Protein chains: 2
Amino acid sequence: MIAVEHSVPAGAAVFSEGDEGTGFYVVLEGRVKIFKLSAEGREQILHLFGPGDPFGEAAVFAGRHFPANAVALAPSRLLFFPRAAFVDLVTRRPSLALGMLAVLSRRLHRFARLIEDLSLREVPGRLAAYLLALPGAGSAAPVVLEIPKAQIAGLLGTTPETLSRILRKMSDRGLVRVDGPRIRILDRPALEDLAAGETRLA
Amino acid sequence: MIAVEHSVPAGAAVFSEGDEGTGFYVVLEGRVKIFKLSAEGREQILHLFGPGDPFGEAAVFAGRHFPANAVALAPSRLLFFPRAAFVDLVTRRPSLALGMLAVLSRRLHRFARLIEDLSLREVPGRLAAYLLALPGAGSAAPVVLEIPKAQIAGLLGTTPETLSRILRKMSDRGLVRVDGPRIRILDRPALEDLAAGETRLA
DNA sequence: CGTTGAGTTGAGCTCTGTCAATAGCTGTGG
DNA sequence: CCACAGCTATTGACAGAGCTCAACTCAACG
């Protein structure tokens, strides 16, 4: 199968909304964000992908153009698979098709949750859920945010200012301790209540 | 292939969030809505499906449980395909797998747009886009809403009250004429500007 | 140092959700 | 045939979450 390797510097666009989807990518190294922009320039992040993650496949199967923008957050190496060759391969390998179906299905799940968050939950609840889902949130040690807080805001569908304020409130109320990118979870049950929408941060 | 036919009265649940996804459905007749509920009971509609549409497939491929609720809006006849048989069939028929991939990809596209709407656009913009996308919005004849306005509110991520008010404003400003479920588009360019986020409904 | 970017904080404002009351329509049953 | 219940839709009053604009701090870096 023909695949082309591709290097992109931090901050560079991989593709933009509306571009023709001539194939899809796999992250070998680095980090890529997929996002939408509003007319005023606010940003909603749809995905953050790292090594091993494929992206842009939906454009290959559905229509022809990418529905969002892709930018490298760090210097990255990508593998590009041209459309035709990939469709061909999938046709020949049923297990590959099933794997692809599983990937897309999981992505639909995550989107459904994001929609639920944006429409039916408030920012403190989303943030609480996000913190609890962070790798390492189970241990007593502080969690370390892997991305700048502004990106987290974009992920949660809010602004850096609001994120900062809510984090402040959480720490005022003793739910967490914030030290730059290090966040220690102090009151897990309270965070869980927040995430479930059973509590306010009044 | 083993498929079971299934009749459900209006208002009846087909499945609920968290139920085990033992298979998927196809609508033969009627209408089914897929939705999420907030802790306070507000509702966000994810899909509205009619005759010919499959639903619940993602649960078959990804995890095991349905990520949302499904309720029949009208008396409906459904076809149920058990998981194992379907996976088997897809494995044997590559074209079927590709078709399924296309379905899921289109669904991802639509979800991405919904996320964009909820996060980056205001309700008037969403409503304008919705009206313009309605079948028959191209003609001079009035469009007829197929579902109650409360359902449209749930689809757009807002409440019936807000929807009503915005429709009122639009009609006050001469963008549309509203007569119950019949809506005539009077000022298409203005609606397009609204949908693009270039205008306010001040 | 000056500059740049990340993060925080304050003040103000607007959108939109909530609660409540009302009106119109439909179907049911006494 | 009428009263009443129930649903859809509309409108008003109100409150609050969160966005915007702006200033300021701090750390990293050339």
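Remember, predicted model here, so these are calculated numbers, not experimental data. Chain A is the first sequence line, chain B the second, and so forth, proteins listed ahead of strands; every chain is numbered from 1.
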Starting the side chain at C-beta, find the nucleotide from dA17(D), dG18(D), dC15(C) nearest to Arg200(B). dC15(C)

Shortest side-chain distance from Thr162(B), nucleotide among dT16(C), dT8(D), dA20(C):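 Looking only at side-chain atoms, Thr162(B) lies closest to dT16(C).
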
Look at the rings of His6(A) and Phe80(A) and say which category their plane angle falls in: under 30° parallel, 30 to 60° tilted, over 60° perpendicular.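 Correct class here is perpendicular.
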
Hey, can you pull the residues of residues 117-132 of chain B with a non-hydrogen atom under 4.0 angstrom from DNA chain D?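 Those residues whose heavy atoms fall under 4.0 Å from DNA chain D, taken from residues 117-132 of chain B, amount to none.
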
Does [X] pair with [Y] as a salt bridge, N-O distance under 4.0 Å?
X	Y	answer
Lys169(A)	Asp172(A)	no
Glu40(B)	Arg121(A)	no
Arg113(B)	Asp117(B)	no
Arg77(B)	Glu5(B)	yes
Arg64(A)	Glu20(A)	no

Quantify the bending of the helix from dC1(C)-dG30(D) to dG30(C)-dC1(D) as the angle between its end axes, each fitted on five pairs, to 10°. 20°

Nearest-angstrom distance from the residue atom [atom1] of [X] to [atom2] of [N]:
X	N	atom1	atom2	value
Ile166(A)	dG7(C)	CD1	P	16 Å
Glu161(A)	dT9(C)	CD	P	12 Å
Asp172(A)	dT8(C)	CG	P	12 Å
Lys169(B)	dT16(C)	NZ	P	9 Å
Asp179(B)	dA9(D)	CG	C1'	13 Å
Leu145(A)	dT8(C)	CG	C1'	15 Å
Lys149(B)	dA9(D)	NZ	C1'	7 Å
Leu156(A)	dA17(D)	CG	C1'	15 Å

Indicate, with a heavy-atom threshold strictly under 4.0 Å, whether Pro160(A) touches base, sugar-phosphate, or nothing. nothing

Please state whether the base of dG7(C) and the side chain of Arg165(A) form at least one donor-acceptor pair under 3.5 Å? no

Is the shortest heavy-atom distance from the side chain of Arg184(A) to the side chain of Leu186(A) under 4.5 Å?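 They are in contact (side-chain heavy atoms under 4.5 Å apart), so the answer is yes.
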
Before giving the answer on salt bridge (Lys or Arg N to Asp or Glu O under 4.0 Å), spell out for Lys36(B) and Glu17(B) the whole-Å C-alpha distance, their side-chain angles and the decisive distance to 0.1 Å. CA-CA 8 Å; Lys36(B) 291 263 196 178; Glu17(B) 181 165 356; 3.3 Å; yes

Going by the ring-ring contact (aromatic ring centres under 6.0 Å, His included) test, name the single residue among Phe111(B), Tyr25(B), Phe55(B) that passes it with His47(B).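 The passing option is Phe111(B).
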
Walk me through whether Glu161(B) and Lys149(B) qualify under salt bridge (Lys or Arg N to Asp or Glu O under 4.0 Å). CA-CA 10 Å; Glu161(B) 294 94 326; Lys149(B) 288 181 179 146; over 6 Å; no

By a strict heavy-atom criterion of less than 4.0 Å, which residues belonging to residues 34-50 of chain A are in contact with DNA chain C? none

Is a side-chain donor or acceptor of Thr158(B) paired with a backbone partner of Leu156(B) at a separation under 3.5 angstrom?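 Such a contact is absent between Thr158(B) side chain and Leu156(B) backbone.
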
Check for a donor-acceptor pair, side chain of Ser105(A) on one end and backbone N or O of Leu101(A) on the other, with a separation under 3.5 Å.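 Yes, Ser105(A) side chain to Leu101(A) backbone: donor-acceptor pair under 3.5 Å.
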
So, does Thr158(A) get its side chain near the phosphate of dC19(D), meaning an N or O under 4.0 Å from OP1 or OP2? yes

Short side-chain N/O contact to dG17(C) OP1/OP2 from Thr159(B), under 4.0 Å: yes

